[in-house]
Amino acid sequence: MAAIGFAIWWGYDYWREHRFDKVIAAAARHYQLDPALIKALIWRESRFNPTARGRAGEMGLMQIREVAAMEGGFDPAYCFDPSTNIMAGSCYLKKALGRYQRTDNPPLYALIDYNAGRGNVLKWQTGAGLTNGQVFLIQVQFPSSRTYALAILQRAERYHRRGEFKS
């Protein structure tokens, strides 16, 4: 009986974590992003729950705010639709990554930006932290943002090791 229960739990868990893979792959192609990074961000933001809501008004899988959706040309009314949410969140992530191309670790900076906001990144991105991710990480004053970014990068690496999203 325990084996059946485990099999059901495993099957549900697998389905939950993989049901948006096609949409993630499409968004990654469209925005030229690493699909494992998008998926890891979704994992951290909503644990693959398309109806997730944040305390500050964030919506859906990638916890998009209304303003971010509109900046990307997306109608906030559709931010709970998984496809729209993943495209809008990927658009936002692409813009964030573009801001940090002169750093040694653009995804680290972009994830801190996604979590703590651009204004905070600009405050913390000083001295060697302007381009050196290790120094920058030390200067990030929100421990939760450091944990957030590192967890996503670690999860993305896990997806790579498992061979997800091979072309």
Side-chain angles (χ1 to χ4, degrees), residues 13 16-18 20-21 23-25 27-28 30-72 74 76 79-80 82 85-165:
D13 196 53
R16 183 179 54 86
E17 190 166 345
H18 292 280
F20 302 113
D21 283 359
V23 179
I24 291 167
H30 183 79
Y31 290 107
Q32 299 175 347
L33 294 172
D34 175 7
L37 185 62
I38 297 170
K39 186 171 183 172
L41 180 57
I42 292 169
W43 163 80
R44 181 62 174 86
E45 286 289 351
S46 68
R47 294 299 197 270
F48 305 100
N49 176 2
T51 62
R53 284 189 172 272
R55 289 182 296 229
E58 305 93 347
M59 300 175 276
L61 291 164
M62 294 186 78
Q63 292 293 277
I64 297 299
R65 289 188 179 188
E66 225 175 86
V67 172
M70 290 187 299
E71 283 176 8
F74 297 91
C79 278
F80 285 105
N85 190 279
I86 291 171
M87 292 300 281
S90 295
C91 177
Y92 188 84
L93 180 60
K94 175 71 173 185
K95 287 179 183 179
L97 282 163
R99 294 182 189 123
Y100 307 108
Q101 288 305 302
R102 292 197 168 115
T103 70
D104 64 350
N105 192 346
L108 173 68
Y109 288 79
L111 291 169
I112 298 287
D113 185 316
Y114 199 99
N115 180 255
R118 174 101 169 114
N120 284 316
V121 171
L122 292 173
K123 285 190 278 187
W124 302 327
Q125 195 181 14
T126 61
L130 193 59
T131 58
N132 182 308
Q134 293 297 328
V135 174
F136 171 69
L137 202 54
I138 293 166
Q139 294 173 176
V140 171
Q141 294 176 7
F142 300 162
S144 62
S145 292
R146 287 193 299 267
T147 302
Y148 169 91
L150 293 174
I152 292 169
L153 292 171
Q154 202 171 40
R155 185 65 141 195
E157 182 55 37
R158 177 180 171 188
Y159 293 141
H160 284 292
R161 280 193 314 271
R162 290 189 337 199
E164 294 191 25
F165 301 108

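Only heavy atoms go into these numbers, but all of them, side chains included; no hydrogens, no water, no symmetry mates.
Here E164 pairs with K39, R162 under the salt bridge (Lys or Arg N to Asp or Glu O under 4.0 Å) rule; sequence neighbours left out. Listed by chain and residue number, nothing satisfies the side-chain contact (heavy atoms from CB on, under 4.5 Å) test with I138 (two or more places apart in sequence, or in another chain). In this structure, Y109 has no side-chain hydrogen bond (donor to acceptor under 3.5 Å, both in side chains) partners at least two apart in sequence or on a different chain. N120 pairs by the side-chain contact (heavy atoms from CB on, under 4.5 Å) definition with A116, K123, W124, F142, not counting sequence neighbours. With sequence neighbours excluded, the residues satisfying side-chain contact (heavy atoms from CB on, under 4.5 Å) with Q32 are K94. For H18, the ring pair (Phe, Tyr, Trp, His ring centres under 6.0 Å) partners two or more places apart in sequence, or in a different chain, are Y14. Residues that satisfy the side-chain hydrogen bond (donor to acceptor under 3.5 Å, both in side chains) test with D34, not counting sequence neighbours, are H160. Residues passing the side-chain hydrogen bond (donor to acceptor under 3.5 Å, both in side chains) test with Q63, sequence neighbours excluded: none. Applying the side-chain contact (heavy atoms from CB on, under 4.5 Å) criterion to V135, with sequence neighbours excluded, gives A128, N132, Q139. Judged as a side-chain hydrogen bond (donor to acceptor under 3.5 Å, both in side chains), and not counting sequence neighbours, the contacts of R99 are D113.
For CD of Q154, the number of neighbouring non-hydrogen atoms (other residues, nucleotides, ligands) closer than 6.0 Å is 12 at most. At most 12 non-hydrogen atoms from other residues, nucleotides or ligands lie less than 6.0 angstrom from CD of E66.
When every heavy atom of A27 is checked against every heavy atom of S90, the shortest pair comes out as CB-OG, 3.6 Å. In plain terms, the two heavy atoms of G60 and S46 that are nearest each other are O-CB, 3.7 Å.
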Mind listing the side-chain donor-acceptor pairs of residues 145-153 below 3.5 Å, one per line with the distance, residues two or more places apart or on another chain?
from, atom 1, to, atom 2, distance (Å)
S145, OG, N115, OD1, 2.5
R146, NH1, V140, O, 2.2
T147, OG1, P143, O, 3.1
Y148, OH, E45, OE2, 2.5

Identify each donor-acceptor pair in which a side-chain atom of residues 48-55 lies under 3.5 Å from a protein atom, sequence neighbours left out, and give them as a table.
from, atom 1, to, atom 2, distance (Å)
N49, OD1, T51, N, 2.9
N49, OD1, T51, OG1, 2.8

